[in-house]
Visitor: 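Below you'll find the structure I mean.
Because the structure is a prediction, the values reported are computed rather than measured. Note on naming: letters A, B, ... go to the chains in the order of the sequence lines (proteins, then strands), and numbering restarts at 1 for each one.
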Amino acid sequence: MELGGRGNLPALISFIMKKWFFFLPFILGLMACGQDNTDTENLFPELPSYFPDPVYPVDKFPVTQAGFDLGKKLFNDPILSVDQSIACSNCHVKAVAFVDPQHALSLGVNERHGIRNAPSIANMAFMKEFMWDGGVVHLDFVPPNAIENELEMDEKLAHVVAKLNRSSVYPAMFKNVFSGIDTITAPLMLKALSQYQLMLVSKASKYDKVRQGKDQFSADESKGYEIFKSKCAACHSEPLFTNQGYFNNGLDVVFPDLGRARITEDLGDLGKFKVPSLRNVALTAPYMHDARFKSLMEVLNHYSDGVKDSPTLAAPLKSGSQLGIALTLAEKQSLIAFLGTLTDHELISDPRF
Amino acid sequence: MKTLIKLFTLISIITFFSCGDDDTSTTTGSMEVEFDNIAIVNGIEQQLSLVTAGSTSYGYTNSLGQKFNINLLRYYISAIELETTDGKVYKDVLEVSATGSKGYYLIDEANPASQVVELDNIPAGKYSKITFTVGVDSTGVLNGATGGALDPATSKMFWNWNSGYIALKFEGQSDASNGGVSGAETVTTTNPNGIAYHIGGWKNIAGTAFVYNNKRISFNFDTDAVVDAKSAPHVHMTFDVMGLFNGHHKVDFTGNHNVHKPSDGVDMAHNMEEAFNFDHIHQ
């Protein structure tokens with residue numbers, strides 16, 4: 001009896017019907033295992049070959065359409081703030097790679113000002129620690145810092161959860177994402193917000209297209225890339241353009257914001273801040289944790305001529321008595337041309353976000 | 001046909017056992033561990049009484065003669081281990097997910113039910129030692145948002161700015177305090193006499209300055225706790241709140257009334273460790 005080949009289905013069925021008792025034990029045994037063999041939906045994008053694996057366990061927590069939609073709705077909903085006035089998207093605006101284009105320091109409820117500049121939240125999936133001081137160790141734990149900070153949303157997680165449970169739309173959306181739940185809880189809300197943020201992957205800039213052989217740098221961009229590799233890449237390492245370390249880049253000699261030392265409680269970390277990614281940097285002005293520089297040229301002028309010495313200054317910014325990074329005006333212009341190739345127009349125009 | 005039936009049975013059995021189900025041949029039982037919060041005053045054990053925040057009724061006095069009261073006392077117990085007289089160790093399972101957690105217990109003075117920890121599926125045996133962690137170690141933090149006892153909204157024990165759980169939270173009032181506490185749950189910033197001690201810090205990383213304030217504590221029982229299918233012993237532990245202030249390090253409410261970061265909590269974490277005690281067992 002031949003079982004293979006097209007059109008032989010009736011023969012196969014007939015064979016199984018006749019010998020069903022032979023297959024039954026396997027079926028019974030396997031059913032006892034309760035294994036779920038369905039393919040799990042995961043919207044998390046394919047990554048370029050030179051990208052690292054995400055730090056967030058996207059295999060354990062796959063991004064589903066329903067989870068993403070819920071996270072997106074929460075991200076854009078001022079229900080997260082105490083007076084329904086501020087959403088995540090107020091300070092993380094898509095058009096400028098998810099930073100705040102209007103306010104140097106984040107503007108919270110009742111016109112209160114935060115203490116630091118809102119950083120881009122692209123490529124959070126790849127980050128080990130979050131915030132300028134790295135105090136947050138998991139993406140899920142990022143949103144409560146805005147929600148419960150009295151200078152930002154000034155709300156309490158328990159109260160947000162109560163509002164979501166009273167809403168006419170959220171309970172059904174949560175039940176659709178998290179099967180079997182009775183009520184909305186804070187950890188479920190945080191997992192949903194992560195679903196949205198995980199998808200904000202910046203990987204389609206001109207730089208990426210050049211790396212993939214689909215585009216070419218101009219002569220100036222190319223010159224800038226060479227300068228970048230020799231003078232900037234130690235901290236702003238490719239392909240995320242941050243080594244995720246904490247460094248004092250010579251902004252100050254006294255430190256009203258302790259930076260990393262606030263978390264480590266180690267004076268050796270005074271004035272150190274997390275190296276920000278330079279992806280989309282042309283869009284994310286103003287710069288530095290306190291937003292003191294308005295343009296990329298001001299930033300480069302700081303590195304060439306403005307670096308101040310202190311005990312915690314990053315070693316690459318000091319050689320002997322020479323402070324900073326030697327850069328000519330022409331080199332700065334080339335660097336700025338290169339940095340422009342890190343703008344990801346696909347990300348900021350993606351209708352999904 | 002007989003051969004086929006035998007084959008059928010054999011394959012069913014083999015396939016079933018290939019699932020790796022637990023071996024259930026060992027007898028198991030359960031145990032209750034109660035954490036009783038007390039105040040030992042002049043050698044006499046008193047049950048705690050909480051007052052509403054803002055109350056100026058002071059029921060307790062520290063060893064420096066400063067009067068105080070208590071609005072809130074809450075702490076985490078986790079990673080409980082029991083050891084038999086012949087050295088076999090039972091470990092309470094630690095599990096975390098967005099919908100719940102296992103093995104983390106939030107003991108809250110305001111919630112009597114929270115003060116009794118139920119341990120199940122303990123292999124039968126004579127247990128003579130208990131070990132537990134006060135606080136939440138890396139497993140409870142590094143897996144992200146977690147439900148159950150670790151839900152940050154309901155526990156109110158999570159530090160957003162420096163991700164991690166407060167091991168022990170105490171809030172109250174003392175006429176010796178200068179007030180102005182920040183970041184407290186019950187005491188307002190405008191309270192002229194508030195005291196708030198949030199003891200935390202879980203990053204136990206060699207070669208760094210991170211402060212680790214969780215404490216791993218062991219106690220030997222005075223009599224063996226016999227666990228089997230019929231008997232479920234009740235282990236009675238105590239936590240003496242006076243020890244938090246009068247222990248190894250004397251806490252002066254004038255000047256030291258507001259602890260909200262790991263380095264400020266080191267001395268009190270030491271006191272906290274010594275304020276736990278094994279009391280007795282009901283067999």
Visitor: Just by distance, do the side chain of A:Asp140 and the backbone of B:Ala145 share a donor-acceptor pair under 3.5 Å?
Guide: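 Yes: the side chain of A:Asp140 pairs with the backbone of B:Ala145.
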Visitor: Say you draw a straight line from CG of A:Asn145 to CG of B:Asn160; how long is it, rounded to the nearest 0.5 Å?
Guide: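 Nearest 0.5 Å value for the CG-CG distance: 5.0 Å.
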Visitor: Report the C-alpha distance between A:Thr264 and B:Lys203 in whole Å, list the side-chain angles of each, state the deciding distance to 0.1 Å, and finish with yes or no for side-chain contact (heavy atoms from CB on, under 4.5 Å).
Guide: CA-CA 10 Å; A:Thr264 61; B:Lys203 290 177 188 159; over 6 Å; no
Visitor: Any donor and acceptor pair, going by atom type alone, linking the side chain of A:Asp266 with main-chain N or O of B:Ala209 inside 3.5 Å?
Guide: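 Here the side-chain-to-backbone pair does not exist.
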Visitor: Quick one: what part of A:Lys60 sits under 4.5 Å from any heavy atom of chain B, side chain, backbone, both or neither?
Guide: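 Only the side chain of A:Lys60 comes within 4.5 Å of chain B.
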Visitor: Can you tell which of B:Asn143, B:Val211, B:Thr99 has the highest number of heavy-atom pairs within less than 4.5 Å of chain A?
Guide: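 It is B:Asn143.
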Visitor: Around atom CD of A:Gln84, are there more than 12 heavy atoms of other residues, nucleotides or ligands at under 6.0 Å?
Guide: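 It does: A:Gln84 CD has more than 12 such atoms within range.
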Visitor: Taking every non-hydrogen pair under 4.5 Å, which of A:Leu190, A:Ile263, A:Val136 racks up the most with chain B?
Guide: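 Top count of heavy-atom pairs under 4.5 Å with chain B: A:Ile263.
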Visitor: If we define contacts as heavy-atom pairs under 4.5 Å, which of B:Thr154, B:Val141, B:Thr208, B:Leu150 has the most with chain A?
Guide: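 It is B:Val141.
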Visitor: Step by step, would you call A:Met131 with B:Trp161 a side-chain contact (heavy atoms from CB on, under 4.5 Å)?
Guide: CA-CA 9 Å; A:Met131 304 293 170; B:Trp161 62 282; over 6 Å; no
Visitor: So which part of B:Lys261 gets closer than 4.5 Å to some heavy atom of chain A, the side chain, the backbone, both or neither?
Guide: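 For B:Lys261, heavy atoms of backbone and side chain both lie under 4.5 Å from chain A.
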Visitor: B:Ala153, B:Gly164, B:Gly144: which one forms the most heavy-atom pairs within less than 4.5 Å of chain A?
Guide: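 Going by pairs under 4.5 Å, I would pick B:Gly144.
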Visitor: For B:Pro152 versus A:Pro187, what's the shortest heavy-atom pair and its separation?
Guide: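 Shortest heavy-atom contact: CD-CD, 4.4 Å.
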Visitor: Pick one of side chain, backbone, both or neither for B:Ser263, based on which atoms fall under 4.5 Å of a heavy atom in chain A.
Guide: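 When you check distances to chain A, atoms from both the backbone and side chain of B:Ser263 fall under 4.5 Å.
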Visitor: Can you tell me how far OG of B:Ser97 sits from CZ of A:Phe61, rounded to the nearest 0.5 angstrom?
Guide: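 So the gap between those two atoms works out to 7.5 Å.
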Visitor: Can you confirm whether B:Pro262 sits close enough to A:Glu265 that some side-chain heavy atom of one is under 4.5 Å from a side-chain heavy atom of the other?
Guide: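 When only atoms from C-beta onward are counted, A:Glu265 and B:Pro262 do touch, with a gap below 4.5 Å.
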Visitor: How far does CZ of A:Phe141 sit from CG of B:Leu142, to the nearest 0.5 angstrom?
Guide: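 One finds 8.5 Å between CZ of A:Phe141 and CG of B:Leu142.
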Visitor: Are there more than 12 heavy atoms of other residues, nucleotides or ligands under 6.0 Å from atom NZ of B:Lys91?
Guide: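 At most 12 heavy atoms, drawn from other residues, nucleotides or ligands, come within 6.0 Å of this atom.
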